[in-house]
Amino acid sequence: MRVLGIETSCDETGVAVYDTDKGLLGHRLHSQIDLHAAYGGVVPELASRDHVRRLPLLLRETLALTGLSMRDVDAIAYTAGPGLAGALLVGSSVAEALGVALGIPTLPVHHLEGHLLSPLLSADPPAFPFVALLVSGGHTQLMRVSGVGDYALLGETVDDAAGEAFDKTAKLIGLSYPGGPVLAKLALEGTPGRFKLPRPMLHSKDFDFSFSGLKTAVLTTATAPGFAPEDRADLAAEFQAAAVEVLVAKAMAALRHCGLRQLVVAGGVGANLALRAALDAAAAKRKARVFYPELHLCTDNGAMIAFAG
Ligand code: KG4
Ligand code: ZN
């Protein structure tokens, strides 16, 4: 069965075809980073309009890439939510219209389920059950995944998501959109520990997170007298270290709690190399293994939606 996947929940237009026998046949992605950069964040109306512009093009490109025609597709999966309302509407309208025109089923997919299952697209996928750490721009969750569709929420953020904290912190210290990867790059030049930031809820004995206090602590530090632009790298490094420490500690506690040795990391923040290194080191100590989606499938994409469909 061949499933066409359409992702338009935020600032990336993604299209892919997944074949249940042959795997991912091809995928195309357009990022709106350049479009939103001037505004310092995603402008929903511009995002929707750009999805309208890009989606037909990407559909054609993906079909050309895979040597298929629309007639070769058996079902159409699309991101139904969560996401920006207008942006989601573009993907769902196109998917539903194509479904009616071709007489094939459409499959509304939960965006987070797409992220959650994306490591299963890799050459060496994890086997069920596993613990999933979902770290995107809108969500931070720990889940026990027993099978497709069989998810138990262990804990989640009580305020900002991890990616949101990266983005807001980046903005506070004057970095450009999208904040996460830019802040991670700057952190490479800095030393954690020179500035001291809190590790929120590190010892809360549950699987919940909180990141908004961390952001406030960054603001207090960055606006204190004497804070100079050249101090930004050290502050970025300390912020990243604080966020990573909490994420790793809670993920390991979740593995222990579930009695499992497989951790799957998904969502945009899963692209963070400091997080990957710290998770790998902590997991190795517990004889556990961490599975990541391929780097290009960490952030939003059509492949994970086609696969989930
Ligand atoms: O999963 P995603 O592409 O979109 C959502 O569903 O939210 O995640 C985007 C988030 C953004 O907050 C972005 O700043 C963050 O992932 N991100 C990163 C990195 N790459 C993307 N955060 C930290 N380090 C990175 N390398
Ligand atoms: Zn996402």
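Counting starts at 1 for both ligands and their atoms, in listed order. In this chain, residues are counted from 1 in sequence order.
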Is it true that Pro178 lies under 4.0 Å from ligand 1, counting heavy atoms only? no
Residue-ligand contact His139/ligand 1, heavy atom below 4.0 Å: no
Can you tell which of Lys196, Arg199, Arg232 makes a salt bridge (Lys or Arg N to Asp or Glu O under 4.0 Å) with Glu238? Arg199
Kindly confirm or rule out an N or O of Gly267 lying under 3.5 angstrom from an N or O of ligand 1. no
Is any N or O atom of Glu12, backbone or side chain, closer than 3.5 Å to an N or O atom of ligand 1? no
What protein heavy atom sits nearest atom 23 (C) of ligand 1, and how far off is it? Asn272 ND2, 3.5 Å
Quick one: are the ring centres of Phe166 and Phe211 less than 6.0 Å apart? no
Drop me the distance from Leu84's CG to Cys10's SG, to the nearest 0.5 angstrom. 4.5 Å
Please give me the protein atoms (N, O or S only) lying under 2.8 Å from the Zn ion (ligand 2), ordered by chain and number. His111 NE2, His115 NE2, Asp300 OD1
State if Gly138 counts as touching ligand 1 under the rule of any non-hydrogen atom under 4.0 Å. yes
Tell me whether Arg2 is salt-bridged to Asp19, with the criterion being a basic N under 4.0 Å from an acidic carboxylate O. yes
Run down the list Ala187, Gly268, Cys298 and name the one with the heavy atom closest to atom 19 (C) of ligand 1. Gly268
Under 6.0 Å between the ring centres of Phe195 and Phe227? yes
Name the option, out of Gly270, Pro181, Ser31, that contains the heavy atom nearest to atom 25 (C) of ligand 1. Pro181
Is the ring centre of His111 less than 6.0 Å from the ring centre of His139? no
Under 4.0 Å, heavy atoms only, figure out whether ligand 1 is touched by the backbone of Asp167, its side chain, both or neither. side chain
Any N/O pair Gly137/ligand 1 closer than 3.5 Å: yes
Give yes or no for whether the N/O distance cutoff of 3.5 Å, strictly under, is met between Gly163 and ligand 1. yes
Which ligand 1 atoms, with their elements, are less than 4.0 angstrom from a heavy-atom of His111? 6 (O)
Candidate list Thr140, Thr157, Asp159, test side chain to side chain donor-acceptor pair (under 3.5 Å), partner Ser210, passing option: Asp159
Side-chain donor-acceptor contact under 3.5 Å, Ser212 with Asp160: no
Below the 3.5 angstrom mark, is there an N/O of Gly180, backbone or side chain, next to an N/O of ligand 1? yes
Should the pair Asp231-Arg194 be classified as a salt bridge under the 4.0 Å nitrogen-to-oxygen rule? yes
Does one side chain, of Glu7 or Thr79, offer a donor that lies under 3.5 Å from an acceptor on the other? yes
Counting from 1 in the order shown, the ligand 1 atoms closer than 4.0 Å to a non-hydrogen atom of Thr299 are 3 (O)
Lys171 and Ser176: side chain donor to acceptor below 3.5 Å: no
Where the closest heavy atom to atom 2 (P) of ligand 1 is concerned, which of Asp300, Leu183, Asp11 has it? Asp300
Could you please spell out the steps behind the salt bridge (Lys or Arg N to Asp or Glu O under 4.0 Å) verdict for Asp150 and Arg144? CA-CA 8 Å; Asp150 190 354; Arg144 185 196 151 95; over 6 Å; no
Note: Arg289-Asp124 ion pair, threshold 4.0 Å (strictly below): yes
